[in-house]
Structure formats: structure tokens, C-alpha cells
Amino acid sequence: MTIEKEKVIAAYQQAKEVFQQHGVDTEKALETLAQTPISIHCWQGDDVKGFENPDRALSGGIQATGNYPGAAKTPDQLRADMEKAFTLIPGKKRVNLHAIYLDSDEDVARDKIEPKHFERWVTWAKANDLGLDFNPSLFSHPNADEGFTLSHPNDDIRQFWIDHVKASRKVSEYFGKELGTPSYMNIWIPDGMKDQPVDRLSPRKRLAASLDEALTEKIDTKYHIDAVESKLFGIGAEAYTVGSNEFYLGYAASRGIALCLDAGHFHPTEMISDKISACSIYIQDMQLHVTRPIRWDSDHIVSFDDETQAIMREIVRNNLLSRMSIGLDFFDASINRIAAWVIGTRNAQKALLKALLEPVEKLKEAEESFDYTSRLALIEESHSLPWNAIWDYHCLQNDTPVGFDWMKDIKEYEANVLATR
Ligand SMILES: C[C@H](O)[C@H](O)[C@@H](O)C(=O)CO
Ligand SMILES: [Mn+2]
């Protein structure tokens, strides 16, 4: 059912007054929301296969499960699918690419990738007003089959991956230069062991040395920002992960680079929302992989759940938006992949909007005067303030469907495009 425009506007006006009574400026919140990009990961569209060798099984201890029809099989299909999703997602967007998503007519070894292999992505990003982010791909490759990459004991294999990261930084720098917005380049490696290692230290020393070598070249942060992503465990690396949280927190802080916090990469009761403020003291730029772990690092589609809301509140309450790259990281092959992007991104944006509409000043006043009764009462009250009327208005202003209207577009695209693949 289509929601009438006039009703959306009238509901917005009423909601605006309610928020004003709490000292919250809805226009300012909407402006911030519209200007805050979400970095949407390309790999939801094809189950992390990429175009280097899509027939190769996904490795690195991550898994996309499900066999919903219609996955993108070419760069053009993936771009078309993302464009469709973008018509249903309001506000500014970035696209997060992995190295295996190169768009090249010839075979290119991972350590030999160059900006020219991503030219078509850049042309597309320019045409669609998108920023691009990047990731070297240190998985799904014979040189990663032993479970080690940058920390591999073999010098040649380690060098191969160091060279891949170096080459990736040039691609990332190229994105930043071409698009006028820095590309966050996140390094995640799957290195680890299934069973208890005897030597936990040597691989970590090798990883630090490899990263130091890979990141030697100074690149202007106007164009490119290096980030590192920690992890607790992966499938087949249950007992030990070389790039653990402590390793990368120390590495990022000591080298002055960005840290990527993935919501699925910690113990089940450990939340990244509680880590953001602590990390912000030692780390200038931060990247988030907003995702939804169910029992393990399952990378379910982002939901409008407590943790997603808590993450966004932490960013807003601590005024960290300008130092934060909000990215998504999920890959669900069991439902329509374009709907997955739309659901996950809209949920992240809704959570951000709700955080922007929180009466933060009043809450801080209550806390500073030890009035914890008022603090709790107001936090609870703010959950039921009419933020959804502001969201609907935001969708209307940005020419994207209001409410559930977007689902009919998904069904049409599924019938007309995905079903023909
Ligand atoms: C494909 C991604 O880079 C990957 O999901 C990584 O970010 C991760 O979270 C691995 O668990
Ligand atoms: Mn991640």
C-alpha cells in the first residue's frame, strides 16, 4: 500500500514538534543522516565469489550459505544489482570493493593488480556519485590454502601477499584521487590454526613485519586510509587467530593507522559498541563492519537490533561521526541479495537516525548530576518517540520508497532480471 505524500509530511510536522519539546532539532538530524555515507559491500551480491576465479570455493574460514537464485555473475550484473538497491536506499552511499572484484578482460595475478583493472568501477562510481573503499583479498587463493598469508613461515608466500597489499594500496589511492574522497582500505587476513598452537608468537611477529613492509610507502590520507581488522576465530581457525584484537589494536595505535571493528569478530557477549569510545582515544580513524552474528561470525543481514542501535548511539553521543567509516559486512545467499542490501543498509541508517534524534544533552545533564532515575526514564522514553515519522520523511525527501513500498520493486526486478540469469 502506497503511503500518501501529504500524510508523511503531516506526520513529520507533528513528530518534529515532539522532538523539539525534548530539545532535538530534526532538521539537523536529517541533514547529518543524508550526508553520512554507508559503505555498502559489493560481496553480498555474489556470495563473495568475485570475478578473478568465481569457480574457486570461498576460503578463509568464512561462509555464504544458501542458494537463492539470481546471484550476479559478471561485474555488469553486480553493478546493475547495486544500482537497483541504491534506488531503494536513501542518502549518500559508498561501495566497498574487494580485490577479487577486478573488472579486467585478462587474467591478473593477485600481486599484479593495478588501477587499470578497476577503471570501470571508477567510471561507474563517478556516474552514480559514489565513493569507493577497497580491500586486498587474502583468501580464496592457492597461496592461502595452508591457513597463513602475511604470517606464513615461507618467505615467498609471505612476499606474494605483501606485494598484493602494496598493489592494493595503489588501487585504493587511485580511487581516492579519482573520486575526491579517501578510500578506506581494510586488511583482513584469515591466518590462524584449527588446534592449539605451540608457538603463538612467531606468526604474530611475522605479521607485524609483513604489514610494516607492505605499508612502507607513504600515501596521502586525502586519498587512502589503511585499516586493519581483527578477528577472534574462523572456521578451521578455531583455536588461534594471528590477527587478534590485541594484536591489531596495538598495531594500529603504534603505526597511526585505522582500526576496523567487525561486530561479529568477538566473543558472543562482547560488543563493539563498548569498544568504540576506548579505541577512539588511541586511534584517529575507525572503520566499522556492521553485521549480525548469530552464535558465531555468521554475517547475517544487519537488523534493527539492540547492538546496531548501540553502535550508532556511541558514534553520535561521542561526536565521532567525522572519524568513522560506517561499512557493512554480511553475505546471506538464502534470500534475494538485493533485498539483503536494502534491509541491512536501511536498518543501519534507521539506527543512525534514531541515535541522531536522541536527547543527548538532557541525558548527559542527568548523568553528570548523578540523576540516574531521569537518565533511565528518558532513555526508555526516547525509544518510543516518533522517529519513524522522521525516517519516512527522509525517504520521501530522497526519492526512495516510504515504508514497505520498496518490496514491490524487488519483486519486479527479481521477475524481470534475476530470473533470466
Ligand atoms: C569479505 C570480508 O572482507 C570479510 O568478511 C572480512 O571483513 C571478515 O569480516 C572476515 O570474517
Ligand atoms: Mn568484516
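Counting convention: from 1, in listed order, for ligands and their atoms alike.
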Lys/Arg N to Asp/Glu carboxylate O, [X] vs [Y], below 4.0 Å:
| X | Y | answer |
| --- | --- | --- |
| Lys364 | Glu361 | no |
| Lys166 | Glu217 | no |
| Lys177 | Glu173 | yes |
| Arg169 | Asp226 | yes |
| Arg421 | Asp81 | yes |
| Arg120 | Asp76 | no |
| Glu307 | Arg292 | no |

CA sep, side-chain torsions, deciding dist, call: Arg323, Ser280, side-chain contact (heavy atoms from CB on, under 4.5 Å)
CA-CA 9 Å; Arg323 291 166 51 192; Ser280 76; 3.8 Å; yes
Whether the Ser303 and Asn347 side chains hold a donor-acceptor pair (N or O, under 3.5 Å, no angle test) is what I'd like checked.
no
Non-hydrogen atoms of His41 versus ligand 1: any pair closer than 4.0 Å?
no
Numbered atoms and elements of ligand 1 in range of [X], under 4.0 angstrom, heavy atoms:
| X | value |
| --- | --- |
| Asp262 | 9 (O) |
| Lys231 | 10 (C), 11 (O) |
| Phe331 | 5 (O) |
| Ile62 | 10 (C), 11 (O) |
| His98 | 1 (C), 2 (C), 3 (O) |

Given that the side chain starts at C-beta and the backbone is N, CA, C, O, which of these parts of His289 lies under 4.0 Å from ligand 1, counting heavy atoms, or is it both or neither?
side chain
Below 4.0 Å, non-hydrogen atoms only: which portion of Asp297 touches ligand 1? Side chain, backbone, both or neither.
side chain
For a distance under 2.8 Å, give residue and atom name for each protein N, O or S atom next to the Mn ion (ligand 2).
Glu229 OE2, Asp262 OD2, His289 ND1, Asp329 OD2
Validation row, ring centre Tyr174 to ring centre Phe118 under 6.0 Å
no
Check step by step if side-chain contact (heavy atoms from CB on, under 4.5 Å) holds for Ser183 and Leu132.
CA-CA 6 Å; Ser183 157; Leu132 289 179; 5.7 Å; no
heavy-atom search around atom 7 (O) of ligand 1 in the protein gives Glu229 OE1, 2.8 Å
Among all protein heavy atoms, pick the one closest to atom 5 (O) of ligand 1 and tell me residue, atom and distance.
Asp329 OD2, 2.9 Å
